[in-house]
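Residue indices begin at 1 and follow the sequence shown. Remember, it's 1-based here, ligands and their atoms both numbered in the order they're listed.
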Amino acid sequence: MNDYYADLGVARDATADDIKKAYRRAARKLHPDVNPGPEAEEQFKKVSQAYDVLSDAEKKRSYDMGADPYSGAGAAGFGQGFSFSDVMDAFFGAGAGAAQGRGPRSRQSRGQDALVRLDLDLVDAVFGAEKDLTIDTAVGCSTCHGEGTQPGTGTRTCDVCQGQGQVQSVQRSFLGQVMTSRPCVNCQATGQVIEAPCYECSGDGRVRTRRTLTIRVPAGVDTGTRIQLAGEGEVGPGAGPAGDLYVEVAVRRDERFQRQGDDLHATLELPMTAAALGATVPFDTFDGEQELDVRPGIQSGEQIRLRGLGVTHLRGSGRGDIIVHAMVATPSKLTSEQEDLLRRLAALRGEEKPTGRIADPTDGSIFGKLRDAFKAR
Ligand SMILES: [Zn+2]
Ligand SMILES: [Zn+2]
């Protein structure tokens, strides 16, 4: 367990004011801007940690009762409550603790990735397609070629930061005098100021343009598939390298087919007579009309498979199947002649008084078939 009172150099009955004063004293001596070096930094972390615990009434109480919020983390770990730069931010303002990013920055930087949505019909997913996509992105400014300056003019050294890109300032705080540096606002930390911004891009080096791209959509894509087009995203500030463009596919709902993986499911309604007698039924697929062989006695839920007429596999070769689910339609409006015929049929089949037999799900009846169909998915 850490001894925070010892770390701060205060007595166990020290007041909140004593604790604050002790920390102020220690920080004035150990702050990295005053006292650079790993040892001082380590010590500073230690006292900051002690201060974090002892200045917080809640943490102090649990620490006094024997619980250490940082136990195990150690002074170097410092990870539980807040990071080192958080401490610095809290006392000296955001960015003060960040040691990186000193010196002027480049005006150029990589552009952002862009994400656009592309709506497709199922047929495009089955076979792949070429689609035109109009997008609004930033492109390099052709007037200034990304320089951001009006043609014939240039840049001069920023007189706020003298070309450093950073502004150093001495702050008086309750810790005493502290040196902090922050990015220069006048030159966006580049150290250079544009004398006359380009009228086309206002000095950004890029302009927004609408352009049309032709996209090759591979066969097999599905809703959520992302196609990456390297370097087709936003051009960066100062005409920096472009980010990537991601095209996210959304496949529209199809009226006839439901996609499951690369298989396409459809429901075929069959008149009761055709289901009993068997039939050859024309059936439209994305590969043209096919003849569906309906076996005599087909039951509702039974499947007819058309191999290789589904969606092309996105990876690898081959295609999924079309799976047709039979649905036997019971006639509902009967003429008296039809009714007579059906009654005669019922009499012939001894079905005038059905028994209400419960079907055995394993005997190939509709329920068995439905269960198998369910399993196959
Ligand atoms: Zn320009
Ligand atoms: Zn500047």
Report task. Please assess Y5 against D64 for the test side-chain hydrogen bond (donor to acceptor under 3.5 Å, both in side chains), listing each intermediate value before the final yes or no. Result -> CA-CA 10 Å; Y5 291 99; D64 287 341; 2.8 Å; yes

Please list, one pair per line, the donor and acceptor atoms closer than 3.5 Å that link side chains of residues 220-231 to other protein atoms, with sequence neighbours excluded.
{"residue": "T223", "atom": "OG1", "partner": "V251", "partner atom": "N", "Å": "2.9"}
{"residue": "T225", "atom": "OG1", "partner": "D222", "partner atom": "N", "Å": "2.9"}
{"residue": "T225", "atom": "OG1", "partner": "D222", "partner atom": "O", "Å": "2.8"}
{"residue": "R226", "atom": "NE", "partner": "E248", "partner atom": "OE1", "Å": "2.8"}
{"residue": "R226", "atom": "NH2", "partner": "E248", "partner atom": "OE1", "Å": "3.0"}
{"residue": "Q228", "atom": "NE2", "partner": "D244", "partner atom": "OD2", "Å": "2.8"}
{"residue": "Q228", "atom": "NE2", "partner": "Y246", "partner atom": "OH", "Å": "3.3"}

**Report entry** Trace of the side-chain hydrogen bond (donor to acceptor under 3.5 Å, both in side chains) decision for R210 with T134
**Finding:** CA-CA 7 Å; R210 174 164 289 203; T134 302; over 6 Å; no

Requested in this report: Mind telling me whether F44 and Y23 have parallel, tilted or perpendicular rings, with 30° and 60° as the class edges?
Outcome: parallel

**Report entry** the Zn ion (ligand 1) - number of protein N/O/S atoms closer than 2.8 Å
**Finding:** 4

Report task. To the nearest 0.5 Å, tell me how far R305 CZ sits from L292 CG. Result -> 13.5 Å

Requested in this report: Could you note down all residue pairs passing salt bridge (charged side-chain N to carboxylate O under 4.0 Å, His left out) where residues 270-281 supplies at least one of them, sequence neighbours left out?
Outcome: none

Query raised in the report: What distance separates D204 CG from C141 SG, expressed to the nearest 0.5 Å?
Result: 9.0 Å

Query - Heteroatoms of the protein, restricted to N/O/S, which lie under 2.8 Å from the Zn ion (ligand 2) - result: C158 SG, C161 SG, C184 SG, C187 SG

Query raised in the report: Given L306, which of I323, T285, D321, D287 fulfils the side-chain contact (heavy atoms from CB on, under 4.5 Å) condition?
Result: T285

Report task. Considering only NZ, NE, NH1 and NH2 on the basic side and carboxylate oxygens on the acidic side, decide whether K46 and E42 come within less than 4.0 Å. Result -> no

